[in-house]
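See below for the structure under consideration.
By convention in this document, chain letters (A, B, ...) are assigned in the order of the sequence lines, proteins followed by strands, and residues within each chain are numbered from 1.
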2 protein chains.
Amino acid sequence: MLSKKCKYAIHALVYLAERHGQGPVQIGEIADRQKIPKKFLEAILLELRNGRILNSKKGKGGGYYLQRSPEEINLTEVIRLTNGPIALLPCVSLNFYESCEECVNEKNCTIRTTFLTIRDETLKILSESNLAALVKKQKKDRK
Amino acid sequence: MLSKKCKYAIHALVYLAERHGQGPVQIGEIADRQKIPKKFLEAILLELRNGRILNSKKGKGGGYYLQRSPEEINLTEVIRLTNGPIALLPCVSLNFYESCEECVNEKNCTIRTTFLTIRDETLKILSESNLAALVKKQKKDRK
DNA sequence: GATAATCCTATAAAATCAGTAGACTAATCC
DNA sequence: GGATTAGTCTACTGATTTTATAGGATTATC
């Protein structure tokens, strides 16, 4: 399951994507509207900034805004940054690969193929879910 | 990522599936061959027994054995029992459903569809991965 | 009744998660 | 240039989960 941090991050990003191009949005506003504890959100947005998803501006009139257009930010990136590996086993992870201690015989591990297939399918779906697509869906649903 | 408990469970079950129909297998043997801490494995096998995947026999000549044929035991069941929900969000879980507190607007949550699709694809792959299929693959790889 | 095996309860160290506190830094406006 | 505003950074805390381990109780077999 995704951590709260990750869910908060996704909702905050969708909120920012809706306001893309309208200047910085303050942490407090996002926290209020998305019902996220402010201090926690502060740390999350900082991580997204260090992960090159967000930019920030300090001082009056400051806040956070997307570093790239909503089309260019998808959920794989967000999840990896705030939740860790997408794969269910370390030995089938692209970005967090580690050999499986549990596999007695690594090279032909019985279950590897199954979880490789799951990873591929999951990545495909997540990479299609970019922020622009999510915002578009939200607007449609509101009608 | 899957917990160690879950990975241990899967490997133990594949080991038992290979020996299906040959009588009970002792915890100690499984622990040795699959490099699983014996006491931890003890607890895991007990859980699989309570989950109606394994049967056990006490006393001399006792041990654990599959309660059903390997074809009838698939990874969805094992993962749910030893690792929890397969879905990435509680609001798209079949067996562990809970409403998402984080969703400000539950009914048309922006991200729900994406994770519903992922759950469906994952379930499809996992349900095809029954113990018989995994054993068959293992034998092929060993050649 | 000795032995061999699982069953059960309790405990504990380590890691992760979720959140908070408070001081620091930088930008803006007057 | 000083007050104000808003993000930055470090550290800490409490709760929960994970990964075990210990030790005795129970049951089946010979």
Rounded to whole Å, the CD1-C1' distance (A:Ile27 to C:dT25) equals 14 Å
For this session: Check whether any side-chain N or O of B:Arg49 sits under 4.0 Å from OP1 or OP2 of C:dT6, and answer yes or no.
Result: no
Note: A:Phe115 and B:Leu126 closest approach over all heavy atoms is CE2-CD2, 4.2 Å
note: A:Glu29, atom CD; D:dT5, atom P; distance rounded to Å ~ 17 Å
Q: Spell out, yes or no, whether A:Ile125 and A:Leu81 are grouped together once hydrophobic residues are joined by side-chain heavy atoms under 4.5 Å, including indirect joins.
A: yes
From CG of A:Leu54 across to P of D:dT8 the rounded distance in Å is 10 Å
Close side-chain approach of A:Leu131 to A:Leu13, heavy-atom, < 4.5 Å:
yes
Please tell me whether A:Leu88 and B:Leu123 are part of a single hydrophobic cluster in this structure, the criterion being side-chain heavy atoms less than 4.5 Å apart.
yes
- Lys/Arg-Asp/Glu bridge criterion (N-O < 4.0 Å) met for B:Asp120, B:Lys124: no
Please tell me if B:Ser56 has a side-chain N or O lying less than 4.0 Å from either OP1 or OP2 of C:dC7.
yes
Smallest heavy-atom separation, A:Gly51 atom then A:Glu77 atom, equals O-OE2, 4.2 Å
>> Test your reading of the model: is there a side-chain donor-acceptor pair from A:Arg119 to the backbone of A:Ser93, 3.5 Å cut-off?
In response: no
In short, the helix from C:dG1-D:dC30 to C:dC30-D:dG1 is bent end to end, axes from five pairs each side, to 10°, by 10°
> Regarding B:Arg19 and the six-membered ring of B:Tyr15, is the cationic atom NZ or CZ under 6.0 Å from the ring centre and inside 45° of its axis?
Replying inline: yes
A:Met1 atom CE is separated from D:dT17 atom C1', nearest whole Å, by 14 Å
Going 5' to 3' through nucleotides 18-30 of chain D and flagging B where a protein heavy-atom sits under 4.0 Å of the base, S where only the sugar-phosphate is that close, and - otherwise, we get -SBBBB--BSBS-
In whole angstroms, the gap separating P of C:dT6 from CD1 of B:Ile44 amounts to 14 Å
Given the options A:Leu46, A:Leu41, A:Ile53, A:Asn55, A:Tyr64 meets side chain to side chain contact (heavy atoms under 4.5 Å, CB included) only with A:Leu46
Rounded to whole Å, CG of A:Leu41 lies from C1' of C:dT20 at a distance of 14 Å
*asked:* Just to be sure I understand the rule, does B:Gly63 reach a base, reach only the sugar-phosphate, or reach nothing, if contact means heavy atoms closer than 4.0 Å?
replied: sugar-phosphate
Atom OH of A:Tyr64 and atom P of D:dT5 are separated, to the nearest Å, by 19 Å
